[in-house]
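Notes follow the structure.
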Number of protein chains: 2
Amino acid sequence: MPLSLEQLLTLQAAADTGSFSAAARRLGKAQSVVSTAIANLETDLDITLFERGGRYPRLTPAGEQILRQARQILGQCEALTAYAGELATGVEPKLTLAIDDDSQLPWLGGILEAFALQFPQVELELLFPLMEDLVEMLLSGRAQLGIGYEPQLPREELCCHSLGRVGLPLVVAPHHPLAGMRQVTRETLQGQRQILATGHGTGPERSRFRISTQVWWVEGDQAMLEIVKKGLGWASVPEVLLAAPLKNREVVRLHAAKALGQPSLQLGLWWHRAHPLGRAGLWLREALTHADIRKAHP
Amino acid sequence: MPLSLEQLLTLQAAADTGSFSAAARRLGKAQSVVSTAIANLETDLDITLFERGGRYPRLTPAGEQILRQARQILGQCEALTAYAGELATGVEPKLTLAIDDDSQLPWLGGILEAFALQFPQVELELLFPLMEDLVEMLLSGRAQLGIGYEPQLPREELCCHSLGRVGLPLVVAPHHPLAGMRQVTRETLQGQRQILATGHGTGPERSRFRISTQVWWVEGDQAMLEIVKKGLGWASVPEVLLAAPLKNREVVRLHAAKALGQPSLQLGLWWHRAHPLGRAGLWLREALTHADIRKAHP
DNA sequence: ACAATCCATCTATTCAACAGATGGATCAGA
DNA sequence: TCTGATCCATCTGTTGAATAGATGGATTGT
């Protein structure tokens with residue numbers, strides 16, 4: 001590497017100040033140092049960087065190009081040291097957020113965007129494991145933060161902060177037999193095919209919503225919604241997914257009888273009690289805690 | 001700048017080889033040098049880069065991130081020295097190509113693309129001056145290469161290589177009175193408004209095509225074509241511009257009587273005899289010389 | 001248990017970077 | 001045109017940081 005950052009820094013100073021002496025003053029060195037540094041750089045690169053005709057040295061066209069690249073390199077070096085400073089003060093280099101349900105992404109979007117602005121160098125990893133795996137990931141340290149349904153497998157080592165209750169309205173396609181009814185009872189629902197989500201949250205949480213005698217299992221909420229759109233059955237779908245389909249009249253809500261109750265799930269933010277978060281993790285946890293999960297953050 | 005390229009290079013070698021001793025061997029230095037270099041870098045950045053528990057040091061997550069940035073910086077440094085090498089062997093940092101007529105861009109496109117691949121760091125400047133200015137630019141050194149119409153102001157100092165003849169077919173809008181005629185004569189043309197290009201090639205070259213008694217002047221070939229499309233007159237338009245409008249039936253060709261002749265211009269590549277071109281300029285001149293100006297290079 | 005490596009640390013040396021001085025050149029103002 | 005201020009290149013002596021080599025403790029594989 002026939003190159004040193006000192007040389008590039010000297011080149012930059014000389015170009016900025018327009019004189020070797022001024023550059024030396026700015027760098028707190030002797031003028032001869034600047035003079036020889038530039039000369040050495042020139043012989044190293046085999047290029048004339050400055051035109052020395054007159055009183056002040058002038059950058060040659062080639063010098064301008066080299067200077068441009070030098071500035072870029074110096075900028076990157078500054079970025080490196082700045083990032084190192086962040087790491088030194090407790091920003092973790094990598095952060096993994098495990099989410100039990102990808103239907104939560106809409107309201108997460110804005111927060112993640114803000115996170116990217118705040119911690120541009122931190123590698124963020126988003127995973128969508130099953131709930132059981134989510135717990136495992138938090139316990140093993142594979143993930144630092146988790147979003148999942150709350151009252152499940154409460155573990156000593158895990159902390160949880162409630163994010164609110166996610167409604168799961170009953171929906172069907174507009175041309176579905178149930179669509180025209182003023183109110184549906186357990187009995188009427190039982191007579192029609194129910195679409196249930198599997199894969200995500202297969203545990204007792206969702207299974208307790210099983211009502212019909214005839215059930216189809218579908219992996220993923222989005223896929224479930226597509227099946228409903230086709231008129232193949234009714235389902236409980238997370239509210240956040242319904243705005244557009246309801247507006248486009250692809251699905252309609254069912255009005256459940258009082259006795260049936262409104263299906264809903266408690267969403268929680270999880271982390272490990274014994275694995276302290278870095279600055280980025282703390283920031284993200286704070287942001288998630290104060291987020292409104294009913295709104296899509298812009 | 002609490003940082004040196006040597007340190008980054010050492011970090012890279014240590015990470016690549018997986019051991020400080022191996023890194024030292026690869027760098028041709030003593031093992032203690034690598035060991036202290038890494039240690040110094042760690043204290044400079046206030047970060048633990050390697051986990052020293054076992055026999056071999058292992059990169060920490062933070063170390064991986066820093067290494068990524070270090071690699072980028074080292075890559076840029078290599079690019080800088082490589083570019084400097086090119087400059088040293090005669091590639092000019094900047095090249096200006098002056099073109100008399102922007103209608104020539106279609107066939108230039110592919111060549112310029114290849115140029116960008118061949119000389120990614122060279123700044124290319126494309127200018128579209130009037131012919132008189134083009135000559136001036138070549139004489140003053142403001143431009144190194146020029147494309148313009150040939151037999152004009154032949155200067156002692158300028159060289160020219162012919163690029164071929166550009167046809168200038170007569171066209172009108174489909175609903176124009178002349179459109180239906182089998183053959184047009186000078187007399188019939190004289191009776192209709194002629195659209196002539198000004199700005200580019202105002203000199204004797206284009207003015208000699210003046211036929212009609214009534215003339216509109218328009219700056220730029222593209223603008224001229226638009227006027228013709230509106231049915232406001234007839235014009236001689238460079239062939240390269242006509243492919244799409246003819247296909248879309250926005251304009252139609254007129255068939256000129258033999259006596260009238262087919263208007264055309266000789267296109268030439270110009271440069272200054274006394275200003276030697278660099279490697280990039282030579283490459284471009286060669287490419288332009290062998291190009292077929294009738295085809296759009298992909 | 002032994003051989004082979006590994007890394008950290010210490011020390012002596014060497015060489016490159018540096019400050020300061022000098023001289024020739026340029027520019028602005030008298 | 002002369003002078004003072006400032007510029008850059010170059011030389012020189014000195015200092016200090018980078019280096020090699022040796023040593024010791026630790027780990028791994030046989």
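Please read all numbers here as calculations on a predicted model, not as lab measurements.
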request  = Could you state the atom-to-atom distance from CD1 of B:I38 to P of C:dC6 in whole Å?
outcome  = 15 Å
task = At under 4.0 Å between heavy atoms, which parts of nucleotides 13-30 of chain C does protein reach? Answer with one letter per nucleotide, 5' to 3': B base, S sugar-phosphate only, - none.
result = -----SBB-----BS---
ask   = What does A:S35 touch in the nucleic acid at a heavy-atom separation under 4.0 angstrom: a base, only the sugar-phosphate, or nothing?
value = base
request  = Figure out the CZ/P separation between B:F50 and C:dC6, and round it to whole Å.
outcome  = 14 Å
ask   = What is the distance from CZ of A:R25 to C1' of D:dA5, rounded to the nearest Å?
value = 12 Å
key: A:A39 vs A:Y56, nearer the 5' end of DNA chain D by closest nucleotide   = A:Y56
key: Pairwise side-chain contact, B:Q76 with B:I73, heavy-atom cut-off 4.5 Å (strictly under)   = no
request  = Examine distances only and state if a side-chain atom of A:T17 and a backbone atom of A:A22 form a donor-acceptor pair shorter than 3.5 Å.
outcome  = no
inquiry  = Using whole Å, what does the distance between atom P of nucleotide D:dC8 and atom CG of A:L49 come to?
reply    = 15 Å
key: B:E86 side chain vs B:V91 backbone, donor-acceptor pair below 3.5 Å   = no
query = Nearest of D:dC7, D:dT10, C:dC7 to any side-chain atom of A:T36?
reply = D:dT10
Value in whole Å for how far the P atom of D:dT10 lies from CD of A:E42 = 11 Å
ask   = Closest to the A:S21 side chain: D:dA9, C:dC6, D:dC8?
value = D:dC8
task = Answer whether the closest heavy-atom distance between the side chains of B:D16 and B:R26 falls below 4.5 Å.
result = yes
message = Quick one, A:L112 and A:L126 - any side-chain contact, counting heavy atoms below 4.5 Å?
response = yes
message = Restricting to non-hydrogen atoms, name the atom on A:Q144 and the atom on A:T96 that form the minimum distance, rounded to 0.1 Å.
response = OE1-N, 2.7 Å
query = Whole Å only: how far is the CD atom of B:Q7 from the P atom of D:dA17?
reply = 14 Å
inquiry  = At 4.0 Å (heavy atoms only), tell me whether A:R58 reaches a base, stays on the sugar-phosphate, or touches nothing.
reply    = nothing
query = Are the side chain of A:T60 and the backbone N or O of A:L49 linked by a donor-acceptor pair below 3.5 Å?
reply = yes
